[in-house]
Amino acid sequence: MNAQPIIHFHGAAGTVTGSCFLLEHDGNRVLIDCGMFQGSKTEKELNYRPFPFAASQIDAVILTHAHIDHSGLLPKLVKDGFDGPIYATAATLDLCTIMLADSAHIQEMEVEHLNRRNQRRAREPVAPIYNATDAAVCMTQFQAIAFQAWHDVVTGVRFRFWNAGHLLGSASVELEVGDGGNRQRILFSGDLGPSHKLLQFDPEAPTGWDYMICESTYGDTTRSEVSEETRRSRLCDEVKAAARHRDGALIIPSFAVERTQELLADLIILMERHEIASCPVIIDSPLAARASQIFQKYARVLQNGDALVRAMRSRNVRFTESAEQSKAIDSIHGFHIVIAASGMCEAGRIRHRLRNWLWREEGTVLLVGYQAAGTLGRILSDGASIVKIQGDDIMVRARIRKLDVYSGHADGTELEAWVKARLPIRKDIFLVHGEAEALAGLRQRLSGFLRPDQIVVPRLDAAYRLDAEGGVDISPAAPPPRIDPVQAGHRDWHNDVQALILDLQEQLASAADEKARGVIIRRIRRALEEPN
């Protein structure tokens with residue numbers, strides 16, 4: 001039996017995705033989130049590897065919200081033997097019903113395409129992490145819990161949800177662990193929304209904690225003051241600039257759940273006010289269409305829910321469902337706006353839209369969300385001149401624009417204020433869900449009112465015993481980590497090799513003649529032949 005609780009950081013440590021925290025107490029094991037890793041291939045490979053714990057020994061899961069980097073490995077957990085309850089808010093349950101099924105569908109489709117290529121290359125076939133049946137079985141274990149209602153998880157552990165302001169149904173998790181004088185209060189922030197969110201009210205939670213686990217996605221960022229009007233004004237400017245090409249298109253890679261609905265509402269408001277010209281707005285994502293119906297269901301509890309309902313009924317708006325409807329977008333004449341998933345350009349229909357528009361000067365791609373290291377969205381954001389999509393090299397001639405006013409995450413200033421409003425923190429705060437610069441930035445901010453030794457940045461798969469005096473690092477030296485923690489949250493060698501190939505192709509194409517190209521190739525060969 002454990003006299004003090006232990007927390008294991010099995011995801012979102014040193015990186016933004018794969019949120020997964022294991023809390024052990026008196027022989028019981030509770031997971032907070034079980035998310036999918038996104039970003040570089042090295043990180044995504046973790047999704048296929050065994051969990052660093054026995055799924056059958058997990059007693060319960062508490063889910064902060066429905067985003068795939070927090071919920072996406074739940075079907076795998078169930079498939080591997082977990083048979084306990086998954087606690088979530090009612091809206092999170094509804095969203096997971098469609099999001100986990102969509103995740104399974106994407107995996108099945110991608111694996112089908114990969115296995116066709118593997119067959120031609122005489123390679124062994126691979127299997128998806130889980131399929132649609134696994135996702136459906138997983139949903140039978142969900143239990144809806146109301147906000148601010150205490151619920152017993154296992155003996156000696158109870159929790160309640162607080163609105164996190166990040167996504168429909170998103171929650172921070174307040175935990176009480178232990179009994180009597182040994183009781184510890186622990187707060188998991190989950191993902192925290194910014195103050196300017198269109199559809200969500202500001203995050204809230206009580207004060208006075210023993211331990212806190214806080215997200216740090218934009219810990220090093222201070223955004224300019226953003227109101228509803230300044231947000232719409234900046235979107236208006238981007239639409240007008242894109243519309244200067246009469247036969248152009250504004251392509252917006254967007255997370256299907258909430259970001260798409262926010263953009264849609266603001267676009268229609270701008271058209272109603274005649275601040276931008278009316279044009280077709282196509283939501284090219286079956287998941288976004290289904291999510292929008294769920295948002296409509298909860299419109300009464302959403303801030304500005306009436307604006308979303310009005311936008312969904314606008315005659316300018318079209319939702320595509322079938323593949324044929326999606327392909328027909330390529331035949332549209334005149335300026336139009338397409339919002340398509342995924343937000344980091346890693347899968348889904350946005351890849352087809354980018355393949356069709358990136359090489360065209362009359363196209364504009366507007367990035368409106370976080371782009372994890374190693375994703376196509378980050379590569380475009382960083383200014384790549386050539387990218388590879390579906391095996392083809394695509395020249396980037398379209399305008400690549402970024403708009404951070406639709407972020408679902410609080411910036412560094414807001415995170416600092418949120419933590420300060422939760423004081424006192426009697427022991428430690430663990431900073432998670434951020435890349436190195438963001439973690440360092442938030443650590444510096446919090447050092448203004450917390451002792452430096454209170455602020456802990458755990459590495460992936462680290463473990464801490466939550467003692468009465470503070471956290472104690474008890475991370476095992478063996479077995480070796482699933483991934484070198486230094487690699488988390490960074491581009492990997494796959495990204496570097498792909499960038500090298502694209503640079504080499506560009507150099508060969510721009511060489512003066514065959515002789516010059518021969519010189520380049522010989523230099524590369526000599527470099528490969530040199531001893532390491």
Side-chain angles (χ1 to χ4, degrees), residues 11-12 16-21 31-38 47 61-78 85-107 129-130 132 134-147 161-173 188-193 197 199-201 203 215 217 254-262 285-299 301-302 308 341-344 347-348 369-370 407-409 433:
V16 170
T17 63
S19 182
C20 184
F21 310 107
L31 278 188
I32 292 85
D33 289 346
C34 190
M36 189 172 284
F37 287 91
Q38 298 164 314
N47 298 320
V61 176
I62 303 172
L63 180 60
T64 61
H65 64 287
H67 278 149
I68 291 299
D69 63 316
H70 291 255
S71 69
L73 289 187
L74 285 170
K76 177 183 176 181
L77 188 74
V78 171
I86 301 169
Y87 299 115
T89 65
T92 294
L93 187 159
D94 285 346
L95 288 174
C96 281
T97 301
I98 60 172
M99 294 179 73
L100 294 179
D102 183 74
S103 175
H105 174 71
I106 288 174
Q107 290 173 60
I129 304 166
Y130 54 84
D134 298 321
V137 171
C138 170
M139 290 309 306
T140 66
Q141 294 173 217
F142 272 69
Q143 293 186 25
I145 304 295
F147 281 106
F161 287 132
W162 294 89
N163 173 44
H166 169 71
L167 170 75
L168 176 63
S170 65
S172 298
V173 180
F188 287 82
S189 72
D191 286 359
L192 297 169
K197 285 278 285 181
L199 300 175
Q200 300 300 326
F201 294 96
E215 73 119 315
T217 313
S254 177
F255 301 110
V257 180
E258 186 134 321
R259 190 68 43 81
T260 291
Q261 290 75 28
E262 291 174 323
S285 166
L287 175 61
R290 291 190 287 273
S292 296
Q293 295 298 324
I294 292 175
F295 273 74
Q296 234 180 331
K297 172 183 173 181
Y298 288 92
V301 299
L302 290 173
L308 175 61
S342 69
M344 297 184 197
Y370 183 81
S407 174
H409 290 268
H433 206 284

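Contact between P203 and L192 at its shortest, heavy atoms only, is CB-CD2, 4.1 Å. Across all non-hydrogen atoms, the minimal contact from A256 to S285 is CB-OG, 3.8 Å. Contact between A171 and F147 at its shortest, heavy atoms only, is CB-CE2, 3.9 Å. Scanning both residues, T97 and M139, for their nearest heavy atoms gives OG1-CE, 3.4 Å. Between A104 and A132, the closest heavy-atom pair is CB-N, 3.6 Å. The shortest heavy-atom contact between L93 and F142 is CD1-CB, 3.7 Å.
Contact check for T89 versus I145: no side-chain heavy atoms found under the 4.5 Å cut-off. Considering only heavy atoms from C-beta on, Q141 stays 4.5 Å or farther from V61 through its side chain. Side chains of T64 and D191 form no contact here, defined as non-hydrogen atoms less than 4.5 Å apart. Counting heavy atoms from C-beta on, the side chains of R290 and D102 come closer than 4.5 Å. Side-chain contact check for D134 versus K76: every heavy-atom pair is 4.5 Å or farther apart. In this structure the side chain of L199 never reaches within 4.5 angstrom of the side chain of L168, judged on heavy atoms. Side-chain atoms of S71 and L95, non-hydrogen and from C-beta on, never get closer than 4.5 Å to each other. The closest side-chain heavy-atom distance from L100 to C138 is below 4.5 Å.
Summarising the geometry, atom OG belonging to S170 is positioned 9.5 Å from atom NE2 belonging to H70; distances are rounded to the nearest 0.5 Å. Interatomic distance, Y370 OH to T17 OG1, rounded to the nearest 0.5 Å: 8.5 Å. Between the CG atom of L302 and the CD atom of Q296 there is a distance of 11.0 Å, given to the nearest 0.5 Å. Rounding to the nearest 0.5 angstrom, the gap separating the CD1 atom in I129 from the CG atom in N47 is 4.5 Å. Taking CD1 of I68 as the reference point, atom CD1 of I106 lies at 8.0 Å (rounded to 0.5 Å). The structure places CG of L63 at 13.0 Å from CD of Q143, a figure rounded to the nearest 0.5 Å.
Side-chain N/O atoms of Q107 and S103 include a donor and acceptor closer than 3.5 Å.
Each of L77, L74, I86 was scored for a side-chain contact (heavy atoms from CB on, under 4.5 Å) with L31, with one residue passing: L77. Between H166 and the choices K197, Q200, H67, the side chain to side chain donor-acceptor pair (under 3.5 Å) rule is met once, by H67.
Remark: side-chain polar atoms of S19 are not paired, donor with acceptor, to backbone N or O of D69 under 3.5 angstrom. In terms of modelled atom types and a separation under 3.5 Å, the side chain of E215 and the main chain of S189 share no donor-acceptor contact. The main-chain N or O of A136 is never found under 3.5 Å from a side-chain atom of T140 such that the two would form a donor-acceptor pair. Side-chain atoms of H433 come within 3.5 Å of backbone N or O of V16 as a donor-acceptor pair. Formation of a donor-acceptor pair under 3.5 Å by the S292 side chain with backbone atoms of Q261 is not found in this model.
Between F21 and F188, the angle of the ring planes lies from 30° to 60°, which puts this pair in the tilted group.
Under the ring pair (Phe, Tyr, Trp, His ring centres under 6.0 Å) criterion, F255 pairs with no residue at all, not counting sequence neighbours.
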